[in-house]
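A quick write-up on the structure given underneath.
Every heavy atom of this structure was used, including side-chain atoms; hydrogens, water molecules and symmetry mates were not. Order of appearance sets the numbers: ligands from 1, and atoms from 1 within every ligand. Everything quoted here is computed from the prediction, not taken from an experiment. Residue indices begin at 1 and follow the sequence shown.
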Amino acid sequence: MRIFLAGAGGTLGIPLLRQLITDGHEVTAMTRSSAKRGVLETMGARPVVVDVFDATALRDAVAKAKPEVVVNLLTALPAAGPLRYSHLEPTNRLRTEGARNLLEAAAAGEARRMVAESFASAVVELSPGHPMQPTIDALHSLEAQHAEASRAGRMETVVLRYGLFYGPGVPSTRDLIHNLRMGRMALPKNTPGRASWVHVHDAVSATVAAISRRELPKSLYDIADDEPLTMREAMGTAAGVLGLRPPRTLPEWLFRLLAPVPAAFTWCSMVLDNRDAKRDLEWLPLYPNQAAGYGAFARDWGIAA
Ligand SMILES: NC(=O)c1ccc[n+]([C@@H]2O[C@H](COP(=O)([O-])OP(=O)(O)OC[C@H]3O[C@@H](n4cnc5c(N)ncnc54)[C@H](OP(=O)(O)O)[C@@H]3O)[C@@H](O)[C@H]2O)c1
């Protein structure tokens, strides 16, 4: 199959590209950086250097690739994950204007299907005026734009709402392990919000299924493991399995001051329901919970103490 992969150089993009090439697909891999051309080429993809905000160049690149499926994995987040609300603004723009440009280019290029990345915080309900609201609005914009393209018969669209990524090759996991090792990880005593997570390998297999399955009855699927956890439970699990010290306790006001976005995440419920994905994508997470995911991670990477 011919696939146009936007976000090929990202945390999910790289292992997804590897899998698509292994499966024998012809992948055009988009990046903004000519420095990444070589890596993408070595992986077996045809690289194209385009910025999603350059609508004309994007349309040309997609038309030239003649893809059957276009995949949108565009985010612009700090490697360790967002700490402040300003860190979310570039991604908000990608999920509104960027998503629109890519949908237009895919439709003009006569792609049959579009698969796009959303995130668990799309299910969050906030108090009026909350600084996280623009991020929720941007996710809703991305989801609504795809639903509308599908309704209008422009192409099939599938939005995948992923849980929080973790696992080998995920920069925020690398950062977490480093901070746990150094005894620098700290959380408030109470982190009441539960969130859904997904091991990056399982995010890849779900995305492959969403790209390649012939019939998909729904246009939005939650991609998450079976066990939503609070932030303290999640980090406690990582520390326990990897033989590291659990996070220290920090006063809540200080955590909110130092890391307002993670603080908001520790209070909100971001729980996904993977039953539709299991049924329609015939997908089963290899790692049903983080204890299993970190167990394999520790064995594969030899990082257990
Ligand atoms: N569900 C989740 O938990 C989730 C989802 C996404 C990210 N994250 C986390 O966020 C951190 C950073 O994510 P990441 O490594 O995927 O990197 P990222 O910096 O967010 O970039 C992702 C991809 O988007 C592309 N991109 C960004 N802006 C673009 C634009 N204007 N035009 C074209 N392409 C553009 C980048 O292409 P270039 O090659 O041009 O840089 C890159 O391939 C990681 O820790 C990751 O785990 C988590």
Evaluate the salt bridge (Lys or Arg N to Asp or Glu O under 4.0 Å) criterion for residues E104 and R100: first the C-alpha distance (whole Å), next the side-chain angles of each, then the deciding distance (0.1 Å), finally the verdict.
CA-CA 6 Å; E104 288 303 326; R100 189 173 318 119; over 6 Å; no
The test is salt bridge (Lys or Arg N to Asp or Glu O under 4.0 Å); show your working for E148 and R154 and say whether it passes.
CA-CA 9 Å; E148 180 48 35; R154 302 182 79 192; over 6 Å; no
Which is it for T157 and R113 under the side chain to side chain contact (heavy atoms under 4.5 Å, CB included) test, yes or no, and what are the steps along the way?
CA-CA 6 Å; T157 64; R113 182 179 291 179; over 6 Å; no
V27 and R46: CA distance, side-chain angles, deciding distance, side chain to side chain contact (heavy atoms under 4.5 Å, CB included) verdict
CA-CA 6 Å; V27 185; R46 193 178 73 81; over 6 Å; no
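In the vicinity of A76, heavy-atom distances shorter than 4.0 Å reach the ligand 1 atoms 19 (O), 20 (O). Contact atoms of ligand 1 toward M30: 33 (C) (distance under 4.0 Å to a heavy atom of the residue). Heavy-atom contacts of G163 reach the following atoms of ligand 1: 1 (N), 2 (C), 3 (O) (cutoff under 4.0 Å). Taking a cut-off of under 4.0 Å to the non-hydrogen atoms of T31, the atoms of ligand 1 that pass are 38 (P), 39 (O), 40 (O). Atoms of ligand 1 lying under 4.0 Å from at least one heavy atom of S172, given by number and element, are 45 (O), 47 (O). Atoms of ligand 1 found under 4.0 Å from any heavy atom of E117, numbered from 1 in the order shown, are 5 (C), 6 (C). Each of the atoms 16 (O), 22 (C), 42 (C), 43 (O) of ligand 1 lies under 4.0 Å from some heavy atom of G10. When each atom of ligand 1 is checked for a heavy atom of F53 under 4.0 Å away, the hits are 31 (N).
The shortest N/O to N/O separation between Y162 and ligand 1 does not fall below 3.5 Å.
Only the backbone of V50 comes within contact range of ligand 1, with a heavy atom under 4.0 Å; no side-chain atom does. In P78, the part holding a heavy atom less than 4.0 Å from any atom of ligand 1 is the backbone. Counting heavy atoms under 4.0 Å from ligand 1, residue A79 touches it through the backbone alone. For V170, every heavy-atom contact with ligand 1 shorter than 4.0 Å involves the side chain, none the backbone.
No side-chain donor from either of Q290 and T237 sits under 3.5 Å from a side-chain acceptor of the other. Defined by atom type and a distance below 3.5 Å, a donor-acceptor pair is missing between the side-chain atoms of Y85 and T135.
With a 6.0 Å cutoff to the six-membered ring centre and a 45° limit on the axis angle, R161 does not count as a cation-pi contact of Y221.
Residue pairs meeting the ring pair (Phe, Tyr, Trp, His ring centres under 6.0 Å) criterion with at least one member in residues 243-288, sequence neighbours excluded, are H199-Y287. Sorted by first and then second residue, the salt bridge (charged side-chain N to carboxylate O under 4.0 Å, His left out) pairs involving residues 65-84 (not counting sequence neighbours) form an empty list.
Looking only at heavy atoms of the protein, atom 32 (N) of ligand 1 is closest to V52 N, 3.0 Å. Among protein heavy atoms, the minimum distance from atom 30 (C) of ligand 1 is reached at R32 CD, 3.2 Å.
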